[in-house]
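Sequence positions, counted from 1, serve as the residue numbers for this chain. Only a predicted model underlies this, so the values are computations on that prediction, with no experimental measurement involved.
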Amino acid sequence: MKSTKSTMTRRRMLASGLAAPFVSMMPGVLTPARANETVKLQFMYPVGVSGDINTIISGMISEFNATHDGIEVEAIYAGSYDNTEQKVITALGVGEPPALWLPINSSLQTFLGLDALEDITEQAKADDIYDDFIGGFLDTAISDDRLYGLSFQPSTPVLYYNKDAFAERGIAKAPETWDDLLETAKALTLRDGDDLKRWGLIIGGGWHDWMFEGYCRQNGLVPWEKDKVLWDRPEAVEALSFWKTMVDAGCMAPASTWQGSANDFMAGSTAMLYHSTGSLTNLRTSSPFEVGVAFMPKKKQFGASQGGGPIMIAKNQSDAKKEAAWTFARWMTNTQNQAAWSQATGYLAVRKSSWEQPEMQQYLTEVPQAEVAMKQAEYSGAFLQVPAYSRARDTLKSAIDRTLAGEIAPETALSDATTEVNREIARVLRRKKG
């Protein structure tokens with residue numbers, strides 16, 4: 001049976017209230033409302049999950065523009081997180097960055113290395129940011145105790161599962177350990193001779209390096225430090241070897257795409273799926289079966305890696321634009337908007353006060369799957385905060401892909417990837433010091 005859809009109305013989605021007054025740290029700067037001309041801002045953002053996120057963000061920005069005289073925000077959809085990062089870097093190179101952008105949180109060191117980010121620590125201290133934002137989410141925008149963004153759409157991977165498929169196979173509950181996961185995936189895989197009818201498990205491709213970090217954390221390893229990656233450690237090798245075991249057992253797809261994996265799940269082509277919490281609402285309301293949500297199974301412990309990103313403000317722009325950008329970022333992350341955004345998408349609301357709102361409490365009663373995602377976040381940490389982040393991701397994804405395709409052994413793949421990435425990180429750090 002399909003789960004009940006949220007009863008959230010458009011009014012609730014766009015609930016806003018005006019942003020708290022901005023305490024200017026820049027003496028003599030006019031507030032946007034008193035400026036002679038409208039302050040125009042460009043906000044560049046990605047869509048990193050399944051569902052119609054564009055429509056939701058466009059609606060929020062239209063509401064902001066309608067309720068804030070003196071500021072006009074232009075939404076610029078940039079594609080994926082990777083595309084957004086590259087477009088912002090290109091714009092920075094010609095001295096015309098957007099006023100704000102929404103990158104994956106792991107790109108923090110990249111943009112700091114380009115001296116591109118406005119430090120908003122003092123504005124945040126004068127507001128309620130440090131008091132009301134959930135600490136682990138805010139941490140992904142902090143470097144050397146300074147804040148460079150407001151968390152907007154944090155997420156972790158979770159295990160989605162088809163409750164109808166579980167019932168067909170007489171499986172009473174979601175797997176809790178890696179061993180359980182393997183046996184459950186075997187039981188859920190369907191074949192008619194050599195013809196595959198349904199995978200037991202798919203790990204969403206394109207971001208499987210993010211999922212892999214979660215597996216490392218489940219095995220007791222944070223697989224990076226601020227100046228190096230640790231993928232060659234035994235805990236990481238064991239994690240990738242386990243993935244290969246599931247592929248070799250014929251119960252896990254050896255490869256997939258991000259959107260394709262979500263589509264396969266909704267079509268019933270896989271019974272279990274690792275995907276972002278940000279896909280919760282779309283998967284739950286678009287699937288013709290009841291969708292279950294569980295923690296990612298553990299090895300030594302539960303563990304997950306935080307994805308999603310903060311709204312960041314460009315350093316190289318006028319003070320008037322910086323102040324207007326803060327007003328917009330603060331509005332997008334206020335209590336009501338975060339509660340509504342979380343319900344509309346499945347991303348985790350960044351404020352404690354958002355989770356306390358009556359409409360959010362009602363939503364959690366109607367959609368208990370959302371509470372699973374929030375509880376798992378307690379076991380999560382920031383994702384891959386190293387220099388040369390994009391290069392690191394590409395290298396790790398290739399190592400995983402080649403391993404699952406049977407081209408290379410897990411130990412060799414991860415050892416080679418670690419050596420290559422750490423060499424690149426060292427080069428970037430030397431250049432920065434120079």
- Roughly how far, to the nearest 0.5 Å, is the CG atom of Asn83 from the OH atom of Tyr77? 8.0 Å
- Query: Closest approach of Tyr161 and Val293, non-hydrogen atoms and distance?
  - Reply: CE2-N, 3.5 Å
- Task: Check the side chains of Thr38 and Glu72 for a donor-acceptor pair under 3.5 angstrom, ignoring hydrogens and angles.
- Result: no
- Do Trp326 and Glu118 have side-chain N/O donor and acceptor atoms under 3.5 Å apart? no
- Message: Pairing donors with acceptors under 3.5 angstrom, does anything connect the side chains of Gln153 and Thr345?
- Response: no
- Tyr389, Trp101, Tyr148 screened by ring-ring contact (aromatic ring centres under 6.0 Å, His included) with Phe111, the one that passes: Trp101
- Message: Working to the nearest 0.5 angstrom, can you tell me the gap between Leu201 CG and Thr189 OG1?
- Response: 8.5 Å
- State whether a side-chain donor-acceptor pair under 3.5 Å links Ser261 with Ser256. no
- Do other residues, nucleotides or ligands put more than 12 heavy atoms under 6.0 Å from the CD atom of Gln361? yes
- Message: Counting the benzene-type ring for Trp, do Tyr45 and Phe152 have ring centres under 6.0 Å apart?
- Response: no
- Query: What's the verdict on salt bridge (charged side-chain N to carboxylate O under 4.0 Å, His left out) for Glu420 and Arg423, showing C-alpha distance, side-chain angles and the deciding distance?
  - Reply: CA-CA 5 Å; Glu420 178 180 339; Arg423 185 184 300 120; over 6 Å; no
- Message: Are the side chains of Val421 and Val386 in contact, using a 4.5 Å heavy-atom criterion?
- Response: no
- Ion pair check, Asp401 and Lys397, cut-off under 4.0 Å: no
- Task: Would you confirm whether Asn334, through its side chain, and Trp331, through its main-chain N or O, come within 3.5 Å as a donor-acceptor pair?
- Result: yes
- What are the two closest heavy atoms between Leu147 and Asp119, and how far apart are they? O-OD1, 3.5 Å
- Query: Given side chains that start at C-beta, do those of Met211 and Trp243 come closer than 4.5 Å, heavy atoms only?
  - Reply: yes
- Task: Would you please indicate yes or no on a ring centroid separation below 6.0 angstrom for His208 and Trp258?
- Result: no
- Query: What is the minimum heavy-atom distance between Ala339 and Met360, and which atoms define it?
  - Reply: O-SD, 3.8 Å
- Task: Take Arg233 and Glu238, measure what salt bridge (charged side-chain N to carboxylate O under 4.0 Å, His left out) needs, and give me the verdict at the end.
- Result: CA-CA 9 Å; Arg233 298 293 172 86; Glu238 184 179 16; over 6 Å; no
- Query: Any side-chain hydrogen bond (donor to acceptor under 3.5 Å, both in side chains) pairs touching residues 299-312, not counting sequence neighbours?
  - Reply: Glu213-Ser305, Gln306-Ser380
- Task: Would you confirm whether Thr140, through its side chain, and Phe137, through its main-chain N or O, come within 3.5 Å as a donor-acceptor pair?
- Result: yes
- Task: Looking only at non-hydrogen atoms, find the nearest pair between Leu280 and Ala370 and report the distance.
- Result: CD2-CA, 3.7 Å
- Item | Mutual orientation of the aromatic rings belonging to Phe265 and Phe289 [parallel < 30°, tilted 30-60°, perpendicular > 60°] | perpendicular
- Message: Looking at every heavy atom in both Ala294 and Val158, which two are closest together, and how far apart are they?
- Response: O-CB, 3.7 Å
- Hey, is the main chain of Met296 close enough, under 3.5 Å, to the side chain of Gln376 for a donor-acceptor pair? yes
- Query: Do Asp127 and Gln123 meet the criterion of a side-chain donor-acceptor pair at a distance under 3.5 Å?
  - Reply: no
- Exercise: do Asn54 and Ser58 side chains pair donor with acceptor under 3.5 Å: no
- Message: Has Ser342 got a side-chain atom pairing as donor or acceptor with Tyr347's backbone, closer than 3.5 angstrom?
- Response: yes
- Message: Before you tell me yes or no, could you show the steps for Ile134 and Met374 under side chain to side chain contact (heavy atoms under 4.5 Å, CB included), namely the whole-Å CA-CA distance, both residues' side-chain angles and the distance that decides it to 0.1 Å?
- Response: CA-CA 11 Å; Ile134 295 170; Met374 183 58 195; 3.4 Å; yes
- Task: Look at the side chain of Asn422 and the backbone N and O of Val229, then say whether any donor-acceptor pair between them is shorter than 3.5 Å.
- Result: yes
- Message: Once you measure the plane-to-plane angle for Trp207 and Trp210, does it fall in the parallel (<30°), tilted (30-60°) or perpendicular (>60°) bin?
- Response: perpendicular
- Do Phe64 and Phe43 pass the ring-ring contact (aromatic ring centres under 6.0 Å, His included) test, and can you show the C-alpha distance, the side-chain angles, and the key distance before you say yes or no? CA-CA 12 Å; Phe64 175 86; Phe43 172 51; over 10 Å; no
- Message: Check whether Gln218 reaches the backbone of Gly303 with its side chain - one donor and one acceptor, N or O, closer than 3.5 Å.
- Response: yes
- Query: Does Lys298 pair with Asp180 as a salt bridge, N-O distance under 4.0 Å?
  - Reply: no
- Message: Side chains of Ile57 and Ile61, heavy atoms from C-beta outward: is any pair under 4.5 Å?
- Response: yes
- Minimal heavy-atom distance between Pro387 and Leu429, with the atoms involved, is CG-CD2, 3.8 Å
- Spacing of CD1 belonging to Ile203 relative to CG belonging to Leu273, to within rounding of 0.5 Å: 9.5 Å
- Query: Is the Phe212 to Phe242 ring centre distance short of 6.0 Å?
  - Reply: no
- Could you give me the CA-CA distance, side-chain angles and deciding distance for Arg351 and Asp132, then say whether salt bridge (charged side-chain N to carboxylate O under 4.0 Å, His left out) is met? CA-CA 5 Å; Arg351 287 182 174 269; Asp132 195 33; 2.9 Å; yes
- Query: Got a second to check how far Leu181's CG is from Tyr215's OH, nearest 0.5 Å?
  - Reply: 5.0 Å
- Task: Could you tell me whether a side-chain N or O of Ser287 sits under 3.5 Å from a main-chain N or O of Arg284, the two making a donor and an acceptor?
- Result: no
- Task: Determine yes or no for a side-chain-to-main-chain donor-acceptor pair under 3.5 angstrom, with Ser415 supplying the side chain and Glu411 the backbone.
- Result: no
- Message: Nearest 0.5 Å, please: how far is OG1 in Thr84 from CD1 in Ile104?
- Response: 10.0 Å
- Query: Hey, is the main chain of Ala99 close enough, under 3.5 Å, to the side chain of Gln317 for a donor-acceptor pair?
  - Reply: yes
- Message: Taking Asp131's backbone N and O only, do any of them form a donor-acceptor pair with Asp128's side chain (distance below 3.5 Å, no angle check)?
- Response: no
- Item | Spacing of Ile142 atom CD1 and Thr121 atom OG1 [to the nearest 0.5 Å] | 7.5 Å
- For Gln357 and Gln336, run side chain to side chain donor-acceptor pair (under 3.5 Å): C-alpha distance rounded to whole Å, both residues' side-chain angles, the deciding distance at 0.1 Å, then the answer. CA-CA 8 Å; Gln357 295 300 297; Gln336 292 295 330; 2.6 Å; yes
